[in-house]
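Heads up: the structure comes next, in structure tokens.
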Amino acid sequence: MTDFPIVMGIETEYGIVRNDLQESDPVIESMELVRSYQSADLTGWLYQGEDPSLDARGFRVDNLAQDEEEKAFTRSDYKRFFSFHEMKSDRILSNGGRFYNDHTHPEFSTPESSSVMELLRYDRAGLEILLLAKKERERSLGKEGGLSLYRNNTDYHGHSYGCHENYLLPRAIPFDRIVTCCVPFLVARTVLLGAGKYGYESSEKRGYVRYQASQRADFIETLVSVDTMHCRPLVNSRDEPHADRNHFRRLHLILGDANMSEWQTAMKLGMTKLVLKGLLLEGWSPDIALEDPVESIRQVSKGLRDQPLLRLRDRQWTALDILEYYSDALEKRDLNLDPEERWILSGWREAIDQFRKEPSSLSDRIDWIAKAEMLSRFREEESLAPDDPWLQSLDLEYHNIDPDQGLFHALEESGEMLRLTGEESVREAITHPPGQGRPPVRHAIIRRFPDDVVEAGWEKIRFRSGEVVVLPLFQSCREEEIARLIERIGGLSTPHEIVEVIRPYTEGTNFQQER
Amino acid sequence: MFHDGSVVLFPERKTAPGSPGRETQKDAPVPKRPETKKSGDRLMDRMKKVDPNQSERYRQRTGE
């Protein structure tokens, strides 16, 4: 298998609500929450050079789509008494992540990493960071329990917010090939990765209160698009690599649910990474294609444990058949998988087998099954009708991140949900960056020159002098080498010396695809 | 079960298979079984405290 290390990241927008007010302003609440978190390296994000309107298909759109309601909100946002940067309230964290107000939602983005389990640890650390910020915000309000934060993707009234995945790929891979290779897999993975939702929100069925596997499927309306807030796509075509665009492209996926289950978050990243690394980068193409991928993801979501046959070009398969097809393709190839990748592939196969035998056997790792089981117990005990609104409220509270209130946390605490991260390593990930890649170097530079750094992004750091340092990915560096580099950075006298120190690490992808 | 999306009772859950016990990068995952004690009454108590109208009041703005 190619030794190209796929750098990944995961960004999660959280729902936020004030419990002591009838109505609260989500812009203000998100800003204040982020600002309550004091342990940041830096407060200025370098937006210069970022362009979410660039499309990987080779053009730039004039405007990103918004629905009418959001357009009106945006117009009123312009009249507020704070600047764009004040509203964003960016925090660049010492762990290499980013915490900010993104479109009225507090968002935590993990530092970049090519290890699934490392990302899982940082994703969990992000949840802890939000809890710390919540505590601080409630202290300043003088109201314990004054805020609730939700790791989900919907308000059940047609407003969705995302949990995005990022996979850095060689630029040499054409975007169209990524779409062809991945779409059947992305649709099918929903059956194992859904967070579960009590309600339907697609325009034709809004208000119909029944359970489905995915929170996000109702909001996926097209196959490929650069948009993220309206008419959302199965594959987002935003061309913003946050790395050298001559060598890299970033696959930005916005279709996934924000899982409470750590197993699902790990499998989401791991299965997708395996498809990209073990199949796409190896030149493999599927000989199946869904006739209507958008309709299919909704069918998978609504199918629950009775998965429907999906229409392919020349046959009909369930989501499980498609997942088996991809895992077979991986197993048939002579791939030199590392232990983490082997764990992912065997967990993937095992989940298909278990689902076919008895889906409820996966209730310790799949949110939508755990939630369904939990709601069933409650519905029976309280003799509720299938459309009782209480069930939807319980669905929401499953995602409450407060360990004393959230229903998922009660299940995890009792051992009914698998936990893969250790508390101590998560605690360390709150403040410390990973040992490899770009994040520890970025952190070291900001820490070495705190008075000189004005703004930083994933790839660039801007200094008071106007100088901008562009960071390579340090993809091929081992941890010891990064440690030595950090030590050298610690001994520098001025920011001008940084460029010389990192020059040897400037790299291409060295990726060549066999045909 | 679930033909119309309604939630019905699942059978008793089976034993959980292995999971990676250590999350150290590239380490071989070590099988670990969670110590399961059914959340039972405590979960039910927590659920009963949830305001039935909580989701009706919950409104967010569109995100990405």
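Within every chain, numbering begins at 1; the chains are lettered A, B, ... in the order of the sequence lines, protein sequences first and strands thereafter. These values consider heavy atoms only, across backbone and side chains, with no hydrogens, waters or symmetry-generated copies.
Put simply, of Gln54(B), Glu64(B), Gln60(B), the one with the most heavy-atom pairs under 4.5 Å next to chain A is Glu64(B). Each of Gln405(A), His230(A), Glu382(A) has some count of heavy-atom pairs under 4.5 Å with chain B, and the biggest count is that of Gln405(A). Between chain B and the options Leu391(A), Asp227(A), Val17(A), Leu407(A), heavy-atom pairs under 4.5 Å are most frequent for Leu407(A). Comparing Val50(B), Thr62(B), Asp51(B) by how many heavy-atom pairs each has under 4.5 Å with chain A, the most go to Thr62(B).
The parts of Leu394(A) that come within reach of chain B are both its backbone and its side chain, each placing non-hydrogen atoms under 4.5 angstrom from that chain. For Asp25(A), no part sits under 4.5 Å from any heavy atom of chain B, backbone or side chain. Within the 4.5 angstrom heavy-atom criterion, only side-chain atoms of Pro26(A), from C-beta onward, approach chain B. Only the side chain of Tyr156(A) has a heavy atom closer than 4.5 Å to any heavy atom of chain B. Of the two parts of Glu13(A), only the side chain, counted from C-beta on, holds a non-hydrogen atom closer than 4.5 Å to a non-hydrogen atom of chain B. Interface remark: Ile16(A) contributes backbone and side-chain atoms alike to the contact with chain B (heavy atom separation under 4.5 Å). Only the side chain of Val27(A) has a heavy atom closer than 4.5 Å to any heavy atom of chain B. Heavy atoms of Thr154(A) lying under 4.5 Å from chain B belong exclusively to its backbone. Contacts between Lys49(B) and chain A at a heavy-atom distance below 4.5 Å are absent for every atom of the residue. Neither the backbone nor the side chain of Arg124(A) comes within contact range of chain B; no heavy atom of the residue lies under 4.5 Å from a heavy atom of that chain.
Between Arg377(A) and Glu381(A) no salt bridge is recorded (no basic side-chain N to carboxylate O distance below 4.0 Å).
Between Tyr14(A) and Tyr161(A), the distance from one ring center to the other does not fall under 6.0 angstrom.
Ala429(A) approaches Tyr122(A) most closely through the heavy-atom pair O-CE2, 3.4 Å. The minimum heavy-atom distance linking Gly435(A) with Glu118(A) is given by the pair N-OE2, 4.4 Å. The heavy-atom pair separating Ser24(A) from Glu29(A) by the smallest distance is CB-CG, 4.1 Å.
Side chains of Ser55(B) and Arg57(B): no donor on one and acceptor on the other come within 3.5 Å. With no hydrogens or angles considered, no side-chain donor-acceptor pair links Ser160(A) and Asn153(A) at under 3.5 Å. Judged by distance alone, the side chains of His157(A) and Arg59(B) do bring a donor and an acceptor atom under 3.5 Å apart.
Under the salt bridge (Lys or Arg N to Asp or Glu O under 4.0 Å) criterion, Asp402(A) pairs with Lys134(A), not counting sequence neighbours.
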